[in-house]
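Everything below concerns the one structure shown next.
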There are 2 protein chains.
Amino acid sequence: MYSVNMKAEHLHQLIWMSRPLMQAAEACVEAGLIGTNLTVRMRAVLEMLNKYGAQTVPEIAARLEIKRQYVQIMCNETLASGFTEQRANPRHKRSPILALTDHGRTLIEEIISREMKLVEEIGGNLSKEDIATALEVVLAVTDSLKKRAGDRE
Amino acid sequence: MYSVNMKAEHLHQLIWMSRPLMQAAEACVEAGLIGTNLTVRMRAVLEMLNKYGAQTVPEIAARLEIKRQYVQIMCNETLASGFTEQRANPRHKRSPILALTDHGRTLIEEIISREMKLVEEIGGNLSKEDIATALEVVLAVTDSLKKRAGDRE
DNA sequence: GTCAAAATGACATGTATAGTGTCAATATGA
DNA sequence: TCATATTGACACTATACATGTCATTTTGAC
């Protein structure tokens with residue numbers, strides 16, 4: 001049937017649009033960081049701290065799904081630049097809690113607010129139903145792909 | 001309004017699902033390449049040759065939107081592995097046309113066919129309308145983001 | 001036909017974003 | 001208390017590109 005092939009073809013296209021989409025999104029984020037002394041990976045740390053509160057490096061790594069050794073480097077950069085500071089961790093003396101400084105908080109909130117404004121502009125032409133549908137499809141597809149990637153006979 | 005925020009939030013989520021989606025898709029492709037002597041980047045070359053016919057390295061690079069110097073390396077690997085061969089190029093004597101060998105063609109067609117079957121399985125639960133909607137949204141969003149990335153005051 | 005400009009392959013080097021492995025110090029929990 | 005786990009720090013590796021350069025054609029404008 002023609003429609004069956006169209007469906008698979010659209011899905012195929014959708015899956016492989018993920019790369020251009022990601023690249024375009026990252027380029028936007030990067031462009032928005034010009035002028036600040038933030039890098040994209042430092043921004044990711046600040047975003048986690050802003051969204052989920054002060055936390056340890058391994059916690060941030062778990063949320064970002066990146067190995068803690070690399071996240072450690074990212075976090076150290078935010079410390080060196082004064083966007084974050086260490087606080088005593090009552091639960092673990094060797095693993096201090098990373099917290100936003102006032103400077104860091106102000107900056108990340110402004111950046112996220114600007115990004116959100118951009119997202120709203122982009123969503124201008126699109127209906128909220130279509131966006132919700134798109135998100136559901138993408139979530140379902142990602143989930144399916146993740147399940148299939150592991151088990152190969 | 002609540003719904004306005006939900007819309008932006010869904011769109012935000014959709015945009016940032018692009019990375020997990022891409023990673024999951026690439027993991028699947030990689031898993032499907034086990035046993036063949038193909039790498040992901042060699043697969044990309046064969047796919048272009050299969051889809052658009054025999055062509056030169058710079059042409060492949062343009063289609064993949066990757067610098068020709070890197071594509072040259074990818075193509076040389078496919079040559080070394082016997083998946084492709086060089087043919088005289090009447091239009092340019094220094095730039096031979098890269099063509100699939102029988103072996104290469106058989107292999108890439110089988111791989112793509114298996115991948116398409118997987119896509120169809122994944123699409124099983126989803127309606128063709130929703131998939132079409134998702135693709136339209138993603139295309140529109142990518143387009144918007146690409147336009148915004150460049151022009152910053 | 002000539003000649004400057006562009007295209008091409010080859011090679012060397014650089015960079016961003018991670019993954020992997022290891023170690024010592026310390027913390028935790030049975 | 002003591003085996004086990006966690007953490008920070010550091011070194012090394014890997015992937016997927018980008019960048020720059022060079023010599024060799026090739027092309028196109030005149």
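Lettering of chains follows the sequences in order, A, B, ..., and the numbering in each one begins at 1. These values consider heavy atoms only, across backbone and side chains, with no hydrogens, waters or symmetry-generated copies.
For B:N76 and C:dA10, the shortest distance from a side-chain N or O to OP1 or OP2 is below 4.0 Å. Taking only side-chain nitrogens and oxygens, B:R19 comes nearer than 4.0 Å to OP1 or OP2 of C:dA18. Distances shorter than 4.0 Å separate none of the side-chain N or O atoms of B:S95 from OP1 or OP2 on D:dT26.
For B:Q69 against C:dG9, a side-chain-to-base donor-acceptor contact under 3.5 Å is absent. Scanning atom types as modelled, no donor and acceptor separated by under 3.5 angstrom connect the side chain of B:R94 and the base of D:dT25.
For B:R41, the listed nucleotide lying nearest its side chain is D:dA16; candidates were D:dA16, C:dG19, D:dT7. You'll find that the side chain of B:Q72 is closest to C:dG9, out of D:dG8, C:dG9, D:dA18.
In this structure a side-chain-to-backbone donor-acceptor pair under 3.5 Å is missing from A:T56 to A:P96. In this structure, A:E59 contributes its side chain and A:I97 its backbone to no donor-acceptor pair below 3.5 Å. Formation of a donor-acceptor pair under 3.5 Å by the A:K146 side chain with backbone atoms of B:P20 is not found in this model.
Nearest-nucleotide positions on DNA chain C for A:V40 and A:R68 put A:V40 closer to the 5' end.
Taking atom CD1 on A:I97 and atom C1' on D:dT7, their separation rounds to 14 Å, with Å as the unit. In this structure, A:I73 places its CD1 atom 13 Å from P of D:dG8, rounding to the nearest Å. Between A:E30 atom CD and D:dA18 atom P there is a gap of 13 Å when expressed in whole angstrom units. C:dA18 atom P lies 8 Å from atom CD of A:E26, rounded to whole Å.
Taken residue by residue, residues 45-58 of chain B places no heavy atom nearer than 4.0 Å to DNA chain D.
A salt bridge is defined here as a Lys NZ or Arg NE, NH1 or NH2 lying under 4.0 Å from an Asp or Glu carboxylate O, and B:R43 with B:E47 meets this definition.
Within the 4.5 Å cutoff, no side-chain heavy atoms of A:H10 are placed close to those of B:K128.
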